[in-house]
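As structure tokens, the structure follows; a few thoughts come after it.
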Protein chains: 2
Amino acid sequence: MAYDLDRIDVQILRLLQENARISNAAIAREVGMAPSAVLERIRKLERRQVILGYTAQLNPAALGRGLTAFTNVRTEEAVGATEAGEELARLPGVQEVHHTAGQDCYLVKLRVADTTALAQLLKQFGAVPTVRDTRTTIVLTTVCESNPLPLPDLEAGEGGRQA
Amino acid sequence: MAYDLDRIDVQILRLLQENARISNAAIAREVGMAPSAVLERIRKLERRQVILGYTAQLNPAALGRGLTAFTNVRTEEAVGATEAGEELARLPGVQEVHHTAGQDCYLVKLRVADTTALAQLLKQFGAVPTVRDTRTTIVLTTVCESNPLPLPDLEAGEGGRQA
DNA sequence: TATGAAATTTACCATTT
DNA sequence: AAATGGTAAATTTCATA
């Protein structure tokens with residue numbers, strides 16, 4: 001159930017991960033197939049949610065969100081509940097919310113303009129029910145973000161055909 | 001210098017962030033402009049690095065990387081140095097590397113298959129010069145990832161025309 | 001910077017193998 | 001599943017405003 005991808009699927013994924021705006025025809029040339037066949041594979045990958053979507057990577061600093069931070073949010077939620085996390089995720093500037101093992105904690109990735117905006121956002125965190133406290137780590141420099149996901153390198157099939 | 005974007009640029013960015021594979025023509029229809037004008041704006045946004053690229057969002061679990069973790073890596077580097085971070089960033093499975101304030105620390109986002117693969121990757125971290133120790137937090141569930149970056153809502157210009 | 005027209009390329013769909 | 005072929009649509013360049 002995990003992945004029934006063949007070599008061509010992986011090639012297509014690699015190309016799309018590298019440049020999501022590449023044309024179908026260009027993909028077809030790269031993989032040595034007819035464009036219609038490539039299109040059908042892409043549609044299938046989308047349908048099976050191997051591809052979740054396509055997005056432009058925007059420069060946060062150019063858009064007035066030059067400050068990145070990670071905040072650990074401790075809550076008093078029941079075990080396994082994620083209501084607080086979902087509420088945090090709705091606040092503008094919150095980019096990721098992960099529920100972590102260890103303490104009853106969320107790890108939240110933030111994009112804000114400056115420390116003033118950070119303070120305002122953290123204040124909003126405090127207003128979310130069950131939030132007990134927060135601990136924030138400010139990012140000084142980002143060495144790398146959005147490294148590509150390593151793709152399996154298959155010689156041929158991988159277990160079988162695709163559905 | 002930060003952003004000389006007008007309302008139409010922001011509209012274009014919003015559409016591309018939502019679906020990077022949207023056609024030029026569709027963008028043009030949405031913003032009420034000729035496709036050629038939209039194309040030129042996109043090229044300019046790319047040139048000015050407001051748009052950094054376009055990427056497919058892939059499902060890590062479907063690609064055999066169902067385990068997400070964040071690792072704090074403490075190093076003995078000189079202040080401001082990022083060689084260790086750059087080396088960490090080259091290891092397959094490392095998706096982000098941020099240099100953080102507070103301790104001499106990197107915060108690293110990982111995508112691995114399972115705890116065995118995690119152990120192997122952390123062992124590689126230990127082999128990087130100046131790395132002193134690591135502390136890893138495992139993600140149980142991800143409430144949200146890749147929330148869109150909030151875009152400025154401009155009524156008209158914002159300071160002036162674009163370069 | 002925007003438009004509109006023209007040439008090229010692409011996407012899409014029905015059909016065949 | 002993949003290729004083919006035909007039509008509509010989109011991309012891109014360029015002249016012009």
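In what follows, every chain begins at residue 1, and chains take the letters A, B, ... in the order their sequences are listed.
- A donor-acceptor pair is defined here as one N or O able to donate and one able to accept, closer than 3.5 Å; no such pair exists between the side chain of B/Q57 and the backbone of A/T55.
- Of the inter-residue distances, the one linking A/R74 atom CZ with A/D133 atom CG reads 4.0 Å to the nearest 0.5 angstrom.
- For the pair A/D6 CG and D/dA1 P, the interatomic distance rounds to 9 Å; values are reported in whole Å.
- At the heavy-atom level, A/A34 lies under 4.0 Å from base atoms of the strands shown.
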Which atoms of nucleotides 8-11 of chain C (N or O only) lie under 3.5 Å from a protein N or O atom, and what are those distances?
residue, atom, partner, partner atom, Å
C/dT10, OP1, A/R29, NH2, 3.2
C/dT10, OP2, A/R29, NH1, 3.2
C/dA11, OP1, A/N24, N, 2.7
C/dA11, OP2, A/N24, N, 3.4
C/dA11, OP2, A/A25, N, 2.8

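- The number of heavy-atom neighbours closer than 6.0 Å to CD of B/Q49, taken from other residues, nucleotides and ligands shown, is 12 or below.
- Listed by chain and residue number, B/H98 satisfy the side chain to side chain donor-acceptor pair (under 3.5 Å) test with A/T142 (two or more places apart in sequence, or in another chain).
- Distance A/M33 CE to D/dA1 C1': 8 Å, rounded to the nearest Å.
- For the pair B/E40 CD and D/dT11 C1', the computed distance is 14 Å after rounding to whole Å.
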Are there any protein N/O atoms within less than 3.5 Å of an N/O atom in nucleotides 14-17 of chain C, and if so, which ones and at what distance?
none

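- Remark: P of D/dA1 and CZ of A/R41 are 8 Å apart, rounded to the nearest angstrom.
- Note that CG of B/L107 is 9.0 Å distant from CZ of B/R135, once rounded to the nearest 0.5 Å.
- Between the side chains of A/T68 and A/R111, at least one donor N or O lies within less than 3.5 Å of an accepting N or O.
- For the atom pair CG (B/L67) and CG (B/L110), the distance works out to 8.5 Å, reported to the nearest 0.5 Å.
- Listed here is the closest heavy atom pair of B/Y106 and B/T82: OH-CA, 3.1 Å.
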